[in-house]
> 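Have a look at this one.
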Amino acid sequence: QIFINNEWHDSVSGKKFAVFNPATEEKICEVEEGDKADVDKAVKAARKAFELGSTWRTMDASERGRLLNKLADLVERDRLILATMETIDGGKLFSTAYLMDLGACIKTLRYCAGWADKIHGRTVPMDGNFFTFTRHEPIGVCGQIIPWNFPLVMFIWKIAPALCCGNTVVVKPAEQTPLSALYMGSLIKEAGFPPGVVNIVPGFGPTAGAAISHHMDIDKVAFTGSTEVGKLIKEAAGKSNLKRVTLELGGKSPNIIFADADLDAAVEFAHIGLFYHQGQCCIAGSRIFVEEPIYDEFVRRSIERAKKYTLGDPLKPGVQQGPQIDKEQYKKILELIESGKKEGAKLECGGGPWGDKGYFIQPTVFSNVTDDMRIAKEEIFGPVQQIMKFKTIDEVIKRANNTTYGLAAAVFTKDIDKALTFAAALQAGTVWVNCYSALSAQCPFGGFKMSGNGREM
Amino acid sequence: PIPLPLLSLQIFINNEWHESTSGKKFPTYNPSTLEKICDIEEGDKPDVDNAVEAAKAAFQRGSPWRQMDAPGRGRLLHKLADLLERDRVILATLETMDTGKPFLQAYFIDLEGCIKTLRYYAGWADKIQGRTIPVDENFVCFTRHEPMGVCGAITPWNFPLLMLVWKMAPALCCGNTLVVKPAEQTPLTALYIGSLIKEVGFPPGVVNIVPGYGPTAGAAISTHDSIDKIAFTGSTKVGKLIKEAASKSNLKRVTLELGGKNPCIVCADADLDLAVECAHQGVFFNQGQCCTAASRVFVEEQIYPEFVKRSVEFAKKRLVGDPFDARTEQGPQIDQKQFDKILELIESGKKEGAKLECGGLAIEDRGLFIKPTVFSEVTDNMRIAKEEIFGPVQPIMKFKSIEEVIRRANSTEYGLTAAVFTKNLDRALTLASALQSGTVWINCYNALYAQAPFGGFKMSGNGRELGEYALAEYTEVKTVTIKLSQKSP
């Protein structure tokens, strides 16, 4: 149901929507469908909880930290349940959900818990007879729209810093994956957060999501999802009340491999960097630039690596790749694979669907990819790896930066000069050297250019 | 009598309990009853050496402590806080037995401060951030804030556990290892913490505790060539010796929290009831044995007689007695030496012409209890106006103008805290800027929290404890500069 003021509500409209398991295409259950009227209720509750003099506003900062730590304790306690939900709802491999997703959630909660009583302002020596100091105050009611690729992790990445700083929130989880967010509602109540501090309204983007981005009484909206929708949200924010906006959007992240790299490590990182979670990551290393001398060997090893996969039900052990999230994504990925074939890339392995049930796609590798092909320009969000060739440093810097995206990038080399040159030259929010996907609660994360606005963590 | 399964009365090194190298022990007393509580192994230089060896080994590159992820250090500190919460009654009882402070204060104030400080620093552990720095020419430059290494901590007898946590928490948070020497008058809670540190799972050698005396164990720490930093809370006199020893030995880094002769300025427009009560608690709290004691109360002329009258009322009402009695507000002084010193200063007050309003003598022939004492008509040249008394004695003086009181408040080599009572914004902020004190309280007293830095100007100390600032005292900055073949933006 809809979680407002620490209570569970039916939708105002009476409507419900279905939630599916992408591995089996079967319906898991139905969830109350929130729309504008429910968002309005949630915002009212969040606004009240944010009033001057409220329990939340008068709570010691260190106590906010205590509540976040308690929530982390509860997530640890119910780790198995939450990991199972993520797997069934999101098609995520169970071992990954349990170890990686839940691990990150717990660590992020604890990291932000520690910051709660360390939000410092400054004193400023102003000219004239003045005593000046800054306060870093909570923004207010924050709307947060969560994606379906890392439902619980993205939920925590939004609520943890928001609550740490003293805000109240209205969360809309993705319609494909609302279950773990709703479970968190009950843990939030159990941990002892005052009513109205966290409110959760499951529903669809064009209805509930738009209600949030247009709302005149929401002070800030945070969104993780596609660049296309991110633009709509920022537009809506401008048209309504100039609410503050942070966006974590798509990427077409370059992964640059030099001839002096540790080739085994590079192949492995490039592989995981693309294929992790069925390619459904904003940071997917989906343009791999390999220096000419080692190109053929790199392609050969990458194909070997991709062929090793077992596809199947993500709840089962021994499965390395689960399904894509839904039919829409599935069709889009297959369409882009076809474009790759048509535009002349060399299909090295995979290239089509798998199985008779569920949205499974074979792990696919294209070589001889050129920069003008659709698979080299558009975000695929699927298990499709593009490998291209380069000759010189200046050339690859230009080509890597030649995109409207700018989320992440990586360079593999043993040469310190090259490593630090790329760290400076690449237009990306995170640059990895000799690794990929190294993310931690302590490090800021976000995009240059159209990969986003602002930073998380 | 409470069973104390976890209290070992020995030296704690590498998570194990040891007898002293010399075989000697020393007694610790209950200042309320004057009875011996127990005997403790007495550490001296060889024991300090063993502790330092253990702390050094635990700090080696590649050791479990050095390899531990920063959030892991934070988790251990949180768990230690959990255990303090679990054993709160035991620790408060030990603290009361050993120091004579009222049990309810030990439970609600000392232990509360300990738990909150541990949790505060647990949160900082993975946020010790260096910077990237845009230097001239073709370089990439960044700083690392590394742990200093083996830190010696010498803690006092007035807030034994709290002062230990104020040092231990930031030190461990930043990744250092410790050798602690608790005050010889009050070693019990420090030793109990040793067992909790082991229970929580800190690797061996990270925290080591060597009970003993200042001139022996304490001096061994301040002169040790393998100790990288020393933190001391105690008298200014000993603080100077420590800084000297640090310089003569290996230039170890030094932080000091020393004495104070803290001005408490009450303006005519103050909320008088609030000011009287705060000034009273400010000087009499913990039997007057606080570095923050409000031991020079400056009252604006117009309200002076009324202020004195109400302060005397408060002092007369103050209940002195058995610290385990819930009604007691004031227990005994810590030992005979302090007791004698306080009475001597009281006599000097009488002799030098201050007006004794109430109290002024000990309570019985036996025991270390002193009556809450108020002096009025105190002038700045009297000993009670200049020297730190560290007892239940409140000197009240008169002032006319703000300029005058600023000058008089600042005319001391101390500079730990100050307080101002006024409703006038202008006055409050002018005084806050003008007073040479590490902390200025406005319309309150002893408002101390883990988030706010605390330390002294002038001879009240070097450096700051608590808040983000303490991190600087427990880290060493390393700058890394990397040359590039061409200039990068």
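Chain identifiers are assigned alphabetically (A, B, ...) following the order of the sequence lines, protein sequences preceding nucleic acid strands; residue numbering begins at 1 within each chain. Just so you know, these numbers use all the heavy atoms, side chains as well, and skip hydrogens, waters and symmetry mates.
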> Between A:Tyr111 and B:Lys127, what is the shortest heavy-atom contact and its length?
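Between these two residues, the closest heavy atoms are O-NZ, 2.9 Å.
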> How many angstroms lie between atom NZ of A:Lys107 and atom CG of B:Asp126, to the nearest 0.5 angstrom?
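Spacing of NZ (A:Lys107) from CG (B:Asp126) equals 10.0 Å.
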> First locate atom CG of A:Asp60, then atom NZ of B:Lys116, and finally report the distance between them rounded to the nearest 0.5 Å.
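Between atom CG of A:Asp60 and atom NZ of B:Lys116 there are 5.5 Å.
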> Would you say that more than 12 heavy atoms from the other residues, nucleotides or ligands in this model lie under 6.0 Å from the NZ of B:Lys483, or not?
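Result for NZ/B:Lys483: enclosed.
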> I'd like to know whether CZ of A:Arg77 has more than 12 heavy-atom contacts from other residues, nucleotides or ligands below 6.0 angstrom.
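Yes.
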> In terms of heavy-atom pairs under 4.5 Å, which option from B:Trp124, B:Tyr121, B:Tyr449 contacts chain A the most?
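Of the candidates given, the most pairs with chain A belong to B:Trp124.
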> How would you list, by chain and number, every residue that makes a salt bridge (charged side-chain N to carboxylate O under 4.0 Å, His left out) with A:Arg79, sequence neighbours excluded?
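A:Arg79 satisfies salt bridge (charged side-chain N to carboxylate O under 4.0 Å, His left out) with no residue once adjacent residues are dropped.
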> Any side-chain heavy-atom pair from B:Gln451 and A:His120 closer than 4.5 angstrom?
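Of all side-chain heavy-atom pairs linking A:His120 with B:Gln451, none is under 4.5 Å.
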> Only distances under 3.5 Å count here; give the side-chain donor-acceptor pairs of residues 407-415 of chain A to other protein atoms, sequence neighbours excluded, each with its distance to 0.1 Å.
from: A:Thr413; atom 1: OG1; to: A:Asp260; atom 2: OD1; distance (Å): 3.0
from: A:Thr413; atom 1: OG1; to: A:Asp260; atom 2: OD2; distance (Å): 3.0
from: A:Thr413; atom 1: OG1; to: A:Asp415; atom 2: N; distance (Å): 3.0
from: A:Asp415; atom 1: OD1; to: A:Asp417; atom 2: N; distance (Å): 3.0
from: A:Asp415; atom 1: OD1; to: A:Lys418; atom 2: N; distance (Å): 2.8

> Using non-hydrogen atoms and a limit below 4.5 Å, what part of residues 440-457 of chain A faces chain B?
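Within residues 440-457 of chain A, the residues that come under 4.5 Å of chain B (heavy atoms only) are A:Gln442.
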> Are there over 12 heavy-atom neighbours, none belonging to B:Tyr469, within less than 6.0 Å of that residue's OH?
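No - once you tally the heavy atoms of other residues, nucleotides and ligands closer than 6.0 Å, there are 12 at most.
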> What's the separation between atom OG1 in A:Thr421 and atom CG in B:Asn138, rounded to the nearest 0.5 Å?
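Between A:Thr421 OG1 and B:Asn138 CG, I get 9.5 Å after rounding to 0.5 Å.
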> Should we say atom CD1 of B:Ile482 is surrounded by more than 12 heavy atoms from elsewhere, each under 6.0 Å from it?
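Result for CD1/B:Ile482: enclosed.
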> Is the count of non-hydrogen atoms from other residues, nucleotides or ligands lying under 6.0 Å from B:Lys79 atom NZ greater than 12?
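No.
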> Does any backbone or side-chain atom of A:Phe131 lie under 4.5 Å from a heavy atom of chain B? Answer side chain, backbone, both or neither.
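Contact with chain B: side chain only.
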> For chain B, find its close neighbours in residues 62-74 of chain A: heavy-atom separation under 4.5 Å, sorted by number, or none.
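The residues closer than 4.5 Å to chain B, in numerical order, are A:Ser62, A:Arg66, A:Asn69.
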> Is B:Met148 atom CE crowded by more than 12 heavy atoms from other residues, nucleotides or ligands, each under 6.0 Å away?
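Correct, the count exceeds 12.
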